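Computed from a predicted model, the values in this text were never measured in an experiment.
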Amino acid sequence: MAKQKNLPEDNIVNSIIGEGSEFKGEFKINGLLRIDGDFQGTIETQGKVLIGQSGNANTDIKAKLVVVGGTIKGNIFATERVIVLPTAKIKGNIITPSLIIEEGVTFEGNCVINKKTEMVTAS
């Protein structure tokens, strides 16, 4: 299986919810979304989602790659990988083919390592 090459546009932040900001609704984007404020709703992207250390998300996330440094209440469905940083707090389920959890994380939920690469949905 060939490893996918990261393109420069994979690292460009398309959308940001800044620290001190609040957003409620449905986010469907191509590219990278960074959340440093408060978000409530759903997120769907073929790109990446970054929840910064000050980010607080009450959401279900469907993305290629999810990096969590803040707080998430909801489920994460990633087609490539989920990376959970030491400052993260997750209350929900994770479904992904690859998971990296650093020491110090608070995680309450279930995790399924699903080697299928297609987008999965909650049952």
Side-chain angles (χ1 to χ4, degrees):
M1 181 179 199
K3 189 170 182 169
Q4 289 182 335
K5 184 178 176 184
N6 282 340
L7 302 172
E9 56 268 17
D10 288 343
N11 297 319
I12 297 171
V13 177
N14 291 32
S15 301
I16 252 185
I17 299 171
E19 192 170 350
S21 299
E22 294 181 19
F23 184 87
K24 292 181 183 181
E26 185 176 311
F27 230 106
K28 288 187 179 183
I29 63 168
N30 287 323
L32 191 145
L33 168 64
R34 181 177 178 101
I35 300 173
D36 290 317
D38 293 329
F39 176 81
Q40 184 175 348
T42 59
I43 299 169
E44 191 171 333
T45 179
Q46 294 299 316
K48 301 176 184 177
V49 176
L50 304 175
I51 310 295
Q53 189 171 350
S54 62
N56 185 14
N58 188 350
T59 182
D60 283 339
I61 299 173
K62 294 179 183 178
K64 181 169 95 173
L65 172 70
V66 179
V67 179
V68 183
T71 303
I72 292 183
K73 290 182 184 175
N75 301 306
I76 300 171
F77 306 95
T79 57
E80 186 178 286
R81 180 179 303 126
V82 175
I83 300 170
V84 187
L85 304 174
T87 54
K89 296 178 183 175
I90 299 174
K91 186 173 185 177
N93 300 317
I94 299 173
I95 299 175
T96 184
S98 177
L99 176 65
I100 299 169
I101 298 181
E102 296 187 16
E103 188 176 347
V105 168
T106 301
F107 175 58
E108 184 180 329
N110 295 306
C111 180
V112 175
I113 303 299
N114 182 354
K115 292 298 180 185
K116 295 180 183 178
T117 58
E118 71 270 2
M119 192 68 78
V120 293
T121 57
S123 53

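- When all heavy atoms of Gly47 and Ala63 are compared, the pair lying nearest together is O-CB, 3.6 Å.
- Across all their heavy atoms, Lys64 and Gln46 have their closest contact at CB-O, 3.3 Å.
- Leu33 is not listed as a side-chain neighbour of Leu50, based on a closest heavy-atom distance of 4.5 Å or more.
- The structure places SG of Cys111 at 6.0 Å from CD1 of Ile101, a figure rounded to the nearest 0.5 Å.
- With sequence neighbours left out, the ring-ring contact (aromatic ring centres under 6.0 Å, His included) criterion links Phe107 to no other residue.
- Looking at heavy atoms from C-beta onward, Ile76 lies in side-chain contact with Val68 at the 4.5 angstrom threshold.
- For the pair Arg81 and Ile83, the tightest heavy-atom approach, listed with the atom from each and the gap, is CD-CG1, 3.7 Å.
- Of the candidates Ile35, Ile61, Ile17, Val49, Phe27 forms a side-chain contact (heavy atoms from CB on, under 4.5 Å) with just one, namely Ile17.
- Judged by distance alone, with hydrogens and angles left aside, the side-chain atoms of Thr59 form no donor-acceptor pair with the main-chain N or O of Gln40 at under 3.5 Å.
- Counting all heavy atoms, side chain and backbone alike, Ala78 lies closest to Pro97 at O-CD, 3.1 Å.
- The side-chain heavy atoms of Ile94 and Val66, taken from C-beta on, include no pair separated by under 4.5 Å.
- In this structure, the side chain to side chain contact (heavy atoms under 4.5 Å, CB included) partners of Asn56, at least two apart in sequence or on a different chain, are Asp38, Thr71.
- A donor-acceptor pair under 3.5 Å links the side-chain atoms of Ser54 to the main chain of Asp36, judged by distance alone.
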Please determine whether side chain to side chain contact (heavy atoms under 4.5 Å, CB included) holds for the pair Ile72 and Ile51, giving the CA-CA distance in whole Å, both sets of side-chain angles, and the decisive distance to 0.1 Å. CA-CA 8 Å; Ile72 292 183; Ile51 310 295; 3.7 Å; yes

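- At a threshold of 4.5 Å between non-hydrogen side-chain atoms, the residues Ile113 and Leu99 count as touching.
- Sorted by first then second residue, the salt bridge (Lys or Arg N to Asp or Glu O under 4.0 Å) pairs that include residues 83-106, not counting sequence neighbours, number zero.
- Note: Ile90 CD1 to Lys73 NZ = 13.0 Å, rounded to the nearest 0.5 Å.
- Residues Asp60 and Lys62 form no side-chain contact, since every pair of their non-hydrogen atoms from C-beta on lies 4.5 Å or further apart.
- Ion pairing between a basic and an acidic side chain is recognised when a charged N comes within 4.0 Å of a carboxylate O; Lys28 and Glu26 show such pairing.
- What you find for Ser15 and Ile29 is that their closest heavy atoms are OG-CG2, 4.2 Å.
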